[in-house]
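Quick notes on the structure that follows.
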Amino acid sequence: QCEEAAYEERRYPAGKWACVTKGEPMYEQSISMSFMKLMRYICKENSVGCYLGMTVPVLNEIHLTKEGTELEREVVTAYYLPGEFQQNPPVPTDPEIHITERAPLRVITRVFYGMTTEETILREINLFWELLGSTDAVLRETYIVAVYENPSIPQRRNEIWFICRA
C-alpha cells in the first residue's frame with residue numbers, strides 16, 4: 001500500500017571498524033569531532049600513509065539514559081574498513097582511534113532525512129517504537145544512527161537502527 005516500506009530488517013557480517021568514543025556536552029559535537037579524527041585516519045594519518053577510501057554508512061552508537069528521555073553523553077562513531085584492509089588494518093596515528101572487530105549484526109532499520117541532533121534522534125526512536133509496537137526482539141538501551149551522506153548536506157539520508165537480540 002505504501003510507496004516506501006516503513007522499516008526493514010538487515011544483517012551485517014562481522015568486520016573491522018575504526019572507532020572513536022567522545023562524550024561532549026552535545027551529540028553533534030561528539031560526532032563532529034569523532035568524524036574529523038576518522039577522516040584524518042582515512043586520508044593519510046595511518047601506518048601505510050595513504051588514503052584508505054570512504055565507506056558508508058558511518059555509524060554512531062548511542063545509549064539512552066535509564067528513563068529513556070535523553071542520550072548518554074558517550075557516543076561511539078565507527079567507520080567500516082574497506083575490504084582490502086579487513087585482514088590487516090592500518091594502524092591509526094591518533095591514539096583515540098581504536099580498531100575493533102564487531103560481531104555480525106542484525107538490525108531493524110528505518111530511514112529519516114535531515115540533521116541528526118539529540119532531539120531529532122529521540123523523536124525518530126519514539127516514532128519507530130510506535131511503528132513497531134511492544135516487542136522484546138530488540139535492545140531498548142542501545143541504538144545506532146547510520147549516516148550515508150556528508151554532514152553538510154541539509155536533507156541527508158540517515159537511518160535509525162534497532163539492534164536485534166541474539
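All residue numbers refer to positions in the sequence shown, counting from 1. Bear in mind the structure is a predicted one, so any value in this text is a computation, not a measurement.
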I need the minimum non-hydrogen distance between Gly53 and Pro82, along with the two atoms involved.
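What the structure gives for the nearest pair is O-CG, 3.6 Å.
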Provide the closest heavy-atom pair for His63 versus Thr142 in the form atom of the first, atom of the second, distance.
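Scanning both residues, the minimum pair turns out to be ND1-OG1, 3.0 Å.
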Any salt bridge between [X] and [Y], counting N to O under 4.0 Å?
| X | Y | value |
| --- | --- | --- |
| Lys66 | Glu72 | no |
| Glu118 | Arg123 | no |
| Arg106 | Glu9 | yes |

Just how far is it from atom [atom1] of [X] to atom [atom2] of [Y], taken to the nearest 0.5 Å?
| X | Y | atom1 | atom2 | answer |
| --- | --- | --- | --- | --- |
| Gln86 | Lys16 | CD | NZ | 6.0 Å |
| Ser34 | Glu24 | OG | CD | 8.0 Å |
| Arg157 | Glu149 | CZ | CD | 8.0 Å |
| Glu8 | Ile108 | CD | CD1 | 11.0 Å |
| Met26 | Ser32 | CE | OG | 10.5 Å |
| Ile125 | Glu130 | CD1 | CD | 13.0 Å |

Walk me through it: do Tyr143 and Val145 pass the test side-chain contact (heavy atoms from CB on, under 4.5 Å)?
CA-CA 7 Å; Tyr143 300 89; Val145 179; 6.0 Å; no
Using a cut-off of 6.0 Å, state whether more than 12 heavy atoms not belonging to [X] lie near its atom [atom1].
| X | atom1 | answer |
| --- | --- | --- |
| Asn150 | CG | yes |
| Arg11 | CZ | no |
| Gln87 | CD | no |

Do Thr117 and Ile121 pass the side-chain contact (heavy atoms from CB on, under 4.5 Å) test, and can you show the C-alpha distance, the side-chain angles, and the key distance before you say yes or no?
CA-CA 6 Å; Thr117 63; Ile121 290 165; over 6 Å; no
Partner set under side chain to side chain donor-acceptor pair (under 3.5 Å) for [X], not counting sequence neighbours:
| X | answer |
| --- | --- |
| Glu45 | none |
| Asp94 | Lys37 |
| Arg40 | none |
| Asn158 | Arg156 |

Stepwise, does the side-chain contact (heavy atoms from CB on, under 4.5 Å) test hold for Val111 with Tyr7?
CA-CA 7 Å; Val111 174; Tyr7 59 88; over 6 Å; no
4.5 Å side-chain heavy-atom contact, [X] and [Y]:
| X | Y | value |
| --- | --- | --- |
| Trp129 | Leu131 | no |
| Thr93 | Asn46 | no |
| Pro90 | Ser47 | yes |
| Asn60 | Tyr27 | yes |
| Leu64 | Leu71 | yes |
| Thr21 | Val75 | no |
| Glu61 | Arg102 | yes |

Residues that, via side-chain heavy atoms closer than 4.5 angstrom, fall in one hydrophobic cluster with Ile97:
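Members besides Ile97, by chain and number: Val20, Phe35, Leu38, Met39, Tyr41, Ile42, Val48, Tyr51, Leu52, Met54, Val58, Tyr79, Leu81, Phe85, Ile99.
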Transitive ILVMFWY cluster of Trp17 at side-chain heavy atoms under 4.5 Å: who else is in it?
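Members other than Trp17 - counting any ILVMFWY side chain reachable under 4.5 Å - are Tyr12, Val56, Leu59, Tyr80, Leu105, Val107, Leu139, Ile144, Tyr148, Trp161, Ile163.
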CA sep, side-chain torsions, deciding dist, call: Phe128, Val138, side-chain contact (heavy atoms from CB on, under 4.5 Å)
CA-CA 12 Å; Phe128 204 173; Val138 295; over 6 Å; no
Could you state whether Ile62 and Val76 fall into the same hydrophobic cluster, counting links through intermediate Ile, Leu, Val, Met, Phe, Trp or Tyr residues with side-chain heavy atoms under 4.5 angstrom apart?
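As far as the 4.5 Å side-chain criterion goes, Val76 and Ile62 are not connected within one cluster.
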Report yes or no: do Phe112 and Leu127 belong to one cluster of Ile/Leu/Val/Met/Phe/Trp/Tyr joined by side chain heavy-atom distances under 4.5 Å?
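Different clusters: Phe112 never reaches Leu127 through Ile, Leu, Val, Met, Phe, Trp or Tyr contacts under 4.5 Å.
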Evaluate the criterion side chain to side chain donor-acceptor pair (under 3.5 Å) for residue pair Glu159 and Thr109; output intermediate values, then yes/no.
CA-CA 6 Å; Glu159 292 173 344; Thr109 175; 3.3 Å; yes
Donor-acceptor under 3.5 Å (Arg73 side chain, Pro25 main chain)
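Confirmed, Arg73 side chain pairs with Pro25 backbone.
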Before giving the answer on salt bridge (Lys or Arg N to Asp or Glu O under 4.0 Å), spell out for Glu74 and Lys22 the whole-Å C-alpha distance, their side-chain angles and the decisive distance to 0.1 Å.
CA-CA 5 Å; Glu74 227 166 59; Lys22 286 278 180 201; over 6 Å; no
